[in-house]
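See structure below.
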Amino acid sequence: MKTLEFRKKILSWYSKNRRELPWRDNPAPYNVWLSEIILQQTRVSQGIIYFNSFIEKFPDIKSLAHANEQEVLKLWQGLGYYSRARNLHAAAKQLSANNYQLPSSYKSLLKLKGVGPYTAAAIASIAFKEPVAAVDGNVMRVISRFYGINDPVNSTKGKKLIDMLSGELIDTENPGDFNQAMMELGATVCTPKNYKCPICPVNSLCIAFSANIVHELPKKIKRKKTITRYFNYLVIDLGNSLIMKKRYNNDIWKNLYDFPLIETSAYADETAIFNNPIWKSWFSGSQATILNVTDYKKHLLTHQVLMVRFYHISVPQLKNIPPEFHKTDKIDIFDLPVPKIIECFLSESFSKI
DNA sequence: AACTCGGGGTT
DNA sequence: AACCCAGAGTT
């Protein structure tokens with residue numbers, strides 16, 4: 001049977017080619033969970049240092065649950081998709097009702113915030129040996145090529161088909177290693193480009209390889225183009241402090257901090273900003289001095305292009321600071337979780353001590 | 001079913 | 001510039 005041969009070959013390949021990774025030293029449930037959240041839409045190479053710093057600061061679920069969200073976001077800073085950090089923290093609090101232990105079944109893991117079908121399957125199989133397929137982007141590509149699937153892997157039909165096929169393939173004796181083997185194969189051999197079919201352990205069984213259509217698979221539905229937003233930040237410098245603001249809307253960077261913002265839908269020159277009502281509400285009647293205005297810098301997100309510019313303004317004093325803004329001592333600004341581009345600006349403009 | 005949520009690496 | 005990454009949540 002083709003299935004048995006596939007399992008044997010891929011598990012054998014994995015035993016010889018598995019990468020040494022921090023969370024593989026000790027696949028305790030917490031370690032597996034944390035690593036899987038960090039690795040969502042994130043490369044292993046990028047996630048490793050975040051995993052290590054989280055394990056150091058929050059060695060168990062209880063310590064994570066007792067942290068402030070702001071501490072968790074600060075440790076997550078720079079990794080992106082910050083809802084992962086908020087949900088990780090919320091899930092740790094959820095688990096206080098379970099003696100700070102992760103549940104062991106796929107079905108119960110799904111109830112945790114931030115844990116969807118992939119992550120629940122990964123934890124259940126790796127930490128608890130439940131035979132459920134963990135289908136991530138790597139696995140979708142491997143299965144799509146192996147079976148020559150033409151349906152887009154990000155369509156409902158394609159996903160259902162791949163779920164079914166990977167569910168048939170999974171090794172029920174060692175589901176954790178099988179799932180990791182599939183992902184490892186996709187990450188290191190069956191890659192999007194520069195795939196290494198000649199060294200693939202299952203190339204003799206692969207439909208795409210035999211039909212010479214590896215380069216055509218997997219098929220995907222393209223996403224729509226990104227929009228461009230113009231962020232004109234007001235870095236209001238009171239000498240020993242800056243004005244900062246916690247982002248609270250359902251927008252990018254929720255619960256991270258930035259500066260008072262004049263957002264425009266198109267390029268805005270300095271005159272336009274000086275005449276903006278937001279600018280006037282901050283500075284009319286005060287002795288504002290413009291220290292520096294940066295050029296617009298392009299900051300790329302998945303669905304947005306941000307053009308970001310910083311107006312560094314010195315003001316001796318301000319009255320009537322609206323309550324949503326925080327006067328933050330300069331010695332404390334590096335304790336706040338901030339988006340990458342804000343961190344870059346702060347590092348360039350202010351010393352860390 | 002489509003859209004939104006970051007940042008970084010590769011091609 | 002386009003695509004991808006050990007995807008999940010919302011609309």
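A, B, ... follow the sequence lines: proteins, then strands. Residue 1 opens every chain. What you see below is based on every heavy atom in this structure, not just the backbone, and it leaves out hydrogens, waters and symmetry mates.
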Check: protein-nucleotides 9-11 of chain B nitrogen or oxygen pairs below 3.5 Å:
unit_1: dT11(B); atom_1: OP1; unit_2: Asn194(A); atom_2: ND2; d: 2.9

message: Give me each pair satisfying side chain to side chain donor-acceptor pair (under 3.5 Å) with a member in residues 102-129 of chain A, each pair once, sequence neighbours excluded.
response: Glu36(A)-Tyr118(A), Gln40(A)-Thr119(A), Ser105(A)-Ser108(A), Ser125(A)-Asn179(A)
message: At 4.0 Å (heavy atoms only), tell me whether Val139(A) reaches a base, stays on the sugar-phosphate, or touches nothing.
response: nothing
message: Mind checking if Lys222(A) touches a base, just sugar-phosphate, or nothing, with heavy atoms under 4.0 Å?
response: sugar-phosphate
message: Can you tell me whether the side chain of Tyr118(A) and the base of dG7(C) have a donor-acceptor pair closer than 3.5 Å?
response: no
task: Measure from the side-chain heavy atoms of Val44(A) and tell me the nearest of dC5(B), dC4(C), dA6(C).
output: dA6(C)
Non-hydrogen atoms of Pro337(A) and Gln77(A) that approach each other most closely: CA-OE1, 3.4 Å
query: OP1 or OP2 of dA6(C) sitting under 4.0 Å from any side-chain N/O of Thr42(A)?
result: no
message: Main chain of Tyr100(A), side chain of Asn98(A): is a donor-acceptor contact present, judged purely on distance under 3.5 Å?
response: no
task: Using a heavy-atom cut-off of under 4.0 Å over every strand shown, decide if Gly78(A) touches base, sugar-phosphate, or nothing.
output: sugar-phosphate
task: Nearest whole angstrom, please: distance from the C1' of dC4(C) to the CZ of Arg141(A).
output: 8 Å
query: Quick one: on DNA chain C, does Lys298(A) or Pro117(A) contact a more 5' nucleotide (nearest heavy atom)?
result: Lys298(A)
message: Please tell me whether Tyr248(A) and Trp253(A) form a close aromatic pair, meaning their ring centres lie under 6.0 Å apart.
response: no
query: Closer than 4.0 Å, any side-chain N/O of Gln41(A) to the OP1 or OP2 of dG7(C)?
result: yes
Sugar-phosphate, base or nothing in reach of Trp23(A), heavy atoms under 4.0 Å: base
task: Provide, to the nearest angstrom, the distance between the CG atom belonging to Asp136(A) and the C1' atom belonging to dC5(C).
output: 9 Å
- line: Closest to the 5' end of DNA chain B, once Ile252(A) and Ser155(A) are matched to their nearest nucleotides, is Ser155(A)
message: Please confirm whether the ring centroid of Tyr81(A) lies under 6.0 Å from the ring centroid of Trp76(A).
response: no
query: Is any side-chain nitrogen or oxygen of Trp76(A) closer than 4.0 Å to OP1 or OP2 of dG7(B)?
result: no
- prompt: To the nearest Å, how far apart are Arg18(A) CZ and dA6(C) P?
  reply: 16 Å
message: Using atom C1' in both nucleotides, what's the gap between dG8(B) and dG9(C) to the nearest angstrom?
response: 23 Å
field: Nearest-nucleotide pick for Glu36(A), side chain only, options being dC5(B), dA8(C), dA6(C)
entry: dA6(C)
message: For a quick check of understanding: with a heavy-atom distance under 4.0 Å over all strands, which category does Thr119(A) fall into, base, sugar-phosphate or nothing?
response: sugar-phosphate
Length of the NE2-P vector between His303(A) and dG7(B), whole Å: 14 Å
message: Mind checking if Leu21(A) touches a base, just sugar-phosphate, or nothing, with heavy atoms under 4.0 Å?
response: base
message: Run the ring pair (Phe, Tyr, Trp, His ring centres under 6.0 Å) test on Trp23(A) and Tyr30(A) for me, step by step, so that the C-alpha distance in whole Å, both residues' side-chain angles and the decisive distance to 0.1 Å come before the verdict.
response: CA-CA 9 Å; Trp23(A) 46 91; Tyr30(A) 174 61; over 10 Å; no
query: Looking across every strand, which nucleic acid part, if any, lies under 4.0 Å from Asn179(A) by heavy atom: base, sugar-phosphate, or nothing?
result: nothing
- request: Have a look at Arg24(A) and say if it touches a base, only the backbone sugar-phosphate, or nothing, with a 4.0 Å heavy-atom cut-off.
  value: base
Short side-chain N/O contact from Tyr82(A) to OP1 or OP2 of dG7(B), under 4.0 Å: yes
query: Is Leu79(A) touching bases, backbone alone, or none of the nucleic acid, heavy atoms closer than 4.0 Å?
result: base
task: Give the rounded distance in Å between these two atoms: CG of Asn87(A) and P of dG6(B).
output: 12 Å
message: Classify Gln304(A) by what it touches in the nucleic acid, base, sugar-phosphate, or nothing, heavy-atom distance under 4.0 Å.
response: sugar-phosphate
message: If we ignore hydrogens and angles and just use 3.5 Å, is the side chain of Asn232(A) paired with the main-chain N or O of Ile262(A) as donor and acceptor?
response: yes
- request: Let me know the distance between CG of Leu256(A) and C1' of dC5(B), rounded to the nearest Å.
  value: 12 Å
- prompt: How do Asn250(A) and Asn138(A) order along DNA chain C: which one's closest nucleotide is nearer the 5' end?
  reply: Asn138(A)
- request: Indicate, with a heavy-atom threshold strictly under 4.0 Å, whether Gly80(A) touches base, sugar-phosphate, or nothing.
  value: base
field: Lys/Arg cation over aromatic Phe146(A): Lys2(A), 6.0 Å, 45° cone
entry: yes
query: So, does the side chain of Thr302(A) form a donor-acceptor pair with the base of dG6(B) at under 3.5 Å?
result: yes
- prompt: Counting N and O atoms only, with roles assigned by atom type, does the side chain of Arg247(A) sit under 3.5 Å from a partner on the main chain of Asp258(A), one being a donor and the other an acceptor?
  reply: no
- prompt: How far, in whole Å, is dT4(B) from dA6(C) if one measures between their P atoms?
  reply: 24 Å
- prompt: Does dG8(B) have OP1 or OP2 sitting under 4.0 Å from an N or O in the side chain of Lys340(A)?
  reply: yes
query: Side chains of Ser63(A) and Asp60(A): donor-acceptor distance under 3.5 Å anywhere?
result: yes
field: Lys113(A) NZ - dT10(C) P separation (whole Å)
entry: 8 Å
- prompt: To the nearest angstrom, how far is Gln40(A) atom CD from dG9(C) atom C1'?
  reply: 11 Å
- request: Could you check which of dC5(B), dA6(C), dA8(C) has an atom nearest any side-chain atom of Asp251(A)?
  value: dC5(B)
